[in-house]
There are 2 protein chains.
Amino acid sequence: MTTPRWEPRRLSAVAVELPEGVTPPGTRGRILLSALRLFAEYGFHGTSIRDLAGAAGINSATLYAHYPAKEHVLAELVLLGHTELHRRLQQALVEAPPGPAAQLAALVRAQVAAHADFPLLALVANAELHALSPERAAPALALREQSRELGLRVLRLGVAQGVFHVADPLLAATAIGSMGMQVAHWFGPDQPYTRDQVADTYAGYALQLAGAADVPAKKTARAPGATPAKKG
Amino acid sequence: MTTPRWEPRRLSAVAVELPEGVTPPGTRGRILLSALRLFAEYGFHGTSIRDLAGAAGINSATLYAHYPAKEHVLAELVLLGHTELHRRLQQALVEAPPGPAAQLAALVRAQVAAHADFPLLALVANAELHALSPERAAPALALREQSRELGLRVLRLGVAQGVFHVADPLLAATAIGSMGMQVAHWFGPDQPYTRDQVADTYAGYALQLAGAADVPAKKTARAPGATPAKKG
DNA sequence: GTCTATACAGGGATAGAC
DNA sequence: GTCTATCCCTGTATAGAC
């Protein structure tokens with residue numbers, strides 16, 4: 001591919017940006033941001049070196065003064081994405097009020113917020129990871145595993161404490177994680193929700209899904225033990 | 001790429017198959033099944049014509065006796081995937097007991113079952129859709145929209161009837177759909193759940209998430225070895 | 001329908017001047 | 001660091017014999 005064959009469809013008009021403080025200065029930063037946009041829209045294999053250089057406003061040969069190969073650009077993005085998510089999840093846990101319910105809500109909020117704040121990065125980190133060689137994918141995979149375990153631990157603890165009621169915490173964690181992950185695919189300025197609306201709503205969904213005994217009295221909550229409103 | 005550079009990682013050892021009755025006979029069928037596996041693992045742009053022909057056991061030129069271009073092979077898979085899901089959702093609705101709760105459960109079961117029965121197809125249909133030109137992506141997108149509306153209608157009806165309790169049915173439908181969609185990414189013979197365990201469990205999650213007043217005391221899945229797992 | 005052979009554009013990457 | 005120029009391979013697709 002030399003020039004885009006059709007209008008972007010994979011993601012709508014989302015800001016092309018990276019988390020604070022991680023964009024390299026100068027040309028290397030422009031390469032990385034261009035790659036963020038192009039890899040998200042056309043995929044790693046659907047983006048050529050010349051596409052990438054053109055978007056960054058440089059000659060294709062200049063790329064190799066900053067990265068030894070195209071794959072290294074992807075590797076940097078993938079690692080950045082996984083690092084940012086894991087950092088936010090950890091911070092959310094640290095700052096959360098005590099108790100599994102509050103912690104689960106905090107984790108889901110953080111996950112949704114991360115994917116809504118940087119949908120392009122989340123998309124590339126997840127959907128293009130497979131294009132990396134095993135050794136360059138490994139660091140991201142390790143972070144992903146750690147992130148997954150954060151949620152799983154909270155769910156297991158909540159079940160043990162009788163706060164959650166799920167037969168299988170692993171499956172519940174998977175389901176909850178899936179909700180948030182997918183946010184990167186549709187969140188953008190062309191839809192009616194704010195980042196925090198989605199984050200709060202999804203946190204509520206997660207608690208409901210987990211059968212939390214003490215779902216905070218949001219609009220969506222129902223009275224525990226209430227008689228079925230009835231019927232259809 | 002001429003030969004796989006590393007072991008498949010995007011999906012584990014999942015059967016390479018298409019829904020009953022849709023695999024074309026003869027060489028065309030072998031091309032389609034090879035494409036299913038390769039596109040799922042390496043992506044459309046990560047798979048060359050020669051890869052595809054080699055996997056199908058033919059010369060690359062022979063491909064063009066069956067498809068006018070590589071993109072048409074992908075288009076067929078993407079359409080097959082979306083068609084199969086939509087067909088199953090419709091059938092599930094038709095066969096479901098009356099009432100939004102039973103209907104939502106049936107929809108989620110059908111979605112999960114479809115993605116667990118044909119994870120490769122679901123992956124290609126969703127993750128590689130962006131590689132199609134707009135006009136060849138359109139039919140699949142139309143089907144996707146119709147499928148989405150099935151779930152949305154059930155949720156809205158349930159809210160109107162007081163069976164569900166969500167402030168925003170669209171967001172709830174999105175969250176529920178996201179859970180099931182992701183199943184294609186991890187379901188396989190290397191994990192402890194049966195298709196029906198996941199389907200039933202996820203259906204229960206959906207009802208909980210939607211704040212269903214009358215969540216049926218359904219069987220919930222367990223990992224084998226814990227307590228006797230049941231199935232439906 | 002399938003093959004061998006090949007056209008030829010585009011791919012990733014390097015050499016070497018500035 | 002950046003460019004021009006270029007190498008060489010891989011990519012898609014076609015021609016034409018069998």
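Below, chain A is the first sequence line, B the second, and so on; all start at residue 1. Side chains included, hydrogens not; waters and symmetry mates left out as well; all remaining heavy atoms used.
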Do any side-chain nitrogens or oxygens of T27(A) fall under 4.0 Å of OP1 or OP2 in dT2(D)?
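Yes, such a contact exists.
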Counting only side-chain N and O atoms of S48(B), is one of them less than 4.0 Å from OP1 or OP2 of dG11(D)?
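Looking at the OP1 and OP2 atoms of dG11(D), one of them is under 4.0 Å from a side-chain N or O of S48(B).
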Of the candidate nucleotides [options], which contains the atom at the shortest distance from the side chain of [X]?
X      : options                   : result
A69(A) : dA15(C), dA13(C), dT14(D) : dA13(C)
K70(B) : dT2(D), dT2(C), dT12(D)   : dT12(D)
H66(A) : dT6(D), dT14(D), dG1(D)   : dG1(D)
N59(A) : dC3(C), dC3(D), dG12(C)   : dC3(D)
I58(B) : dC3(C), dT12(D), dG12(C)  : dC3(C)
A65(B) : dG1(C), dT2(D), dC3(D)    : dG1(C)

Please classify the nucleic acid contact of L63(A) as base, sugar-phosphate, or nothing, using heavy-atom distances under 4.0 Å.
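Result for L63(A) = nothing.
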Between F44(A) and F39(A), how do the two ring planes meet: parallel, tilted or perpendicular, split at 30° and 60°?
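F44(A) and F39(A): perpendicular rings.
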Indicate the atoms forming the closest heavy-atom contact of N126(B) with M181(B), along with that distance.
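In this case the closest contact between N126(B) and M181(B) is ND2-CG, 4.0 Å.
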Just by distance, with hydrogens left out, do D51(B) and S48(B) show a side-chain donor and acceptor under 3.5 Å apart?
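Yes - a donor-acceptor pair under 3.5 Å links their side chains.
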Please check: side-chain N/O of Y205(A) versus main-chain N/O of A172(B), any donor-acceptor pairing under 3.5 Å?
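Judged by distance alone, yes, a pair lies under 3.5 Å.
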Take the protein atom [atom1] of [X] and the nucleotide atom [atom2] of [N], then report the distance between them rounded to whole Å.
X      : N       : atom1 : atom2 : answer
I49(A) : dA9(C)  : CD1   : C1'   : 17 Å
Y64(A) : dT4(D)  : OH    : C1'   : 16 Å
Y67(A) : dG12(C) : OH    : P     : 16 Å
L52(B) : dA13(D) : CG    : C1'   : 14 Å
Y42(B) : dG11(D) : OH    : P     : 13 Å
H45(A) : dG12(C) : NE2   : P     : 10 Å
I31(B) : dG1(C)  : CD1   : C1'   : 11 Å

What about R50(A), does its side chain sit under 3.5 Å from the base of dG10(C) through a donor-acceptor pair?
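Such a pair does not exist between side chain and base.
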Does NZ or CZ of R10(B) come closer than 6.0 Å to the centre of the six-membered ring of Y42(B), within 45° of the ring's axis?
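Geometry flag: not set, cation outside 6.0 Å or 45°.
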